[in-house]
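Before any comments, here is the structure.
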Amino acid sequence: MELKLNQQVELKKQHPCGSKVWTILRVGMDIKLRCEGCGHELMLPRSKAEKAIKKILDEEGSR
């Protein structure tokens, strides 16, 4: 799966704040994500992040 900075992705599970949309802040062996609902940031191993992503919504620059 090709992930880029500032892409918005929808995860399979909902965050406790109610949002499923996250923005990618860092790409490498770990993926850093920020919740668009509450601003919470977390880092996941790439393998776990790729399994959690349901679909890629768009890129920040294409709006």
Side-chain angles (χ1 to χ4, degrees):
M1 180 180 296
E2 183 152 348
L3 300 173
K4 299 176 190 166
L5 291 179
N6 297 321
Q7 276 185 328
Q8 288 193 331
V9 294
E10 182 178 325
L11 300 187
K12 292 178 184 174
K13 285 191 168 183
Q14 186 170 305
H15 192 246
C17 73
S19 176
K20 284 187 173 184
V21 181
W22 296 73
T23 301
I24 298 174
L25 301 178
R26 178 174 181 241
V27 179
M29 285 300 293
D30 294 319
I31 307 293
K32 187 171 185 176
L33 300 169
R34 180 177 55 226
C35 177
E36 288 302 308
C38 64
H40 181 77
E41 294 182 2
L42 61 92
M43 287 186 73
L44 294 172
R46 186 178 192 100
S47 59
K48 197 168 188 176
E50 288 181 350
K51 288 178 186 175
I53 293 172
K54 184 175 182 179
K55 64 181 174 181
I56 296 172
L57 300 175
D58 65 352
E59 294 183 37
E60 189 73 27
S62 65
R63 288 188 203 168

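What you see is a predicted model, and the numbers here were worked out from it, not measured in a lab.
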Just by distance, do the side chain of R46 and the backbone of G28 share a donor-acceptor pair under 3.5 Å? yes

Counting N and O atoms only, with roles assigned by atom type, does the side chain of K12 sit under 3.5 Å from a partner on the main chain of K51, one being a donor and the other an acceptor? yes

Rounded to the nearest 0.5 Å, the CE atom of M1 sits from the CD1 atom of I56 at a distance of 6.0 Å

Supply the atom-to-atom distance E10 CD to L57 CG, rounded to the nearest 0.5 angstrom. 5.5 Å

Show me the pairs that pass salt bridge (charged side-chain N to carboxylate O under 4.0 Å, His left out) and involve residues 19-32, at least two apart or across chains. K32-E41

Can you get from L5 to L42 by hopping between Ile, Leu, Val, Met, Phe, Trp and Tyr side chains that sit under 4.5 Å apart? yes

Residues T23, E36; criterion side chain to side chain contact (heavy atoms under 4.5 Å, CB included); working and verdict: CA-CA 7 Å; T23 301; E36 288 302 308; 2.4 Å; yes

For a quick test of reading the model, state the closest non-hydrogen atom pair linking [X] to [Y] and the distance between them.
X: H15; Y: C35; result: ND1-SG, 3.8 Å
X: L25; Y: L33; result: CD1-C, 4.5 Å
X: C17; Y: G37; result: SG-CA, 4.0 Å
X: H40; Y: W22; result: O-CZ3, 3.7 Å
X: L3; Y: I53; result: CD2-CD1, 3.9 Å

Around atom CE of M29, are there more than 12 heavy atoms of other residues, nucleotides or ligands at under 6.0 Å? no

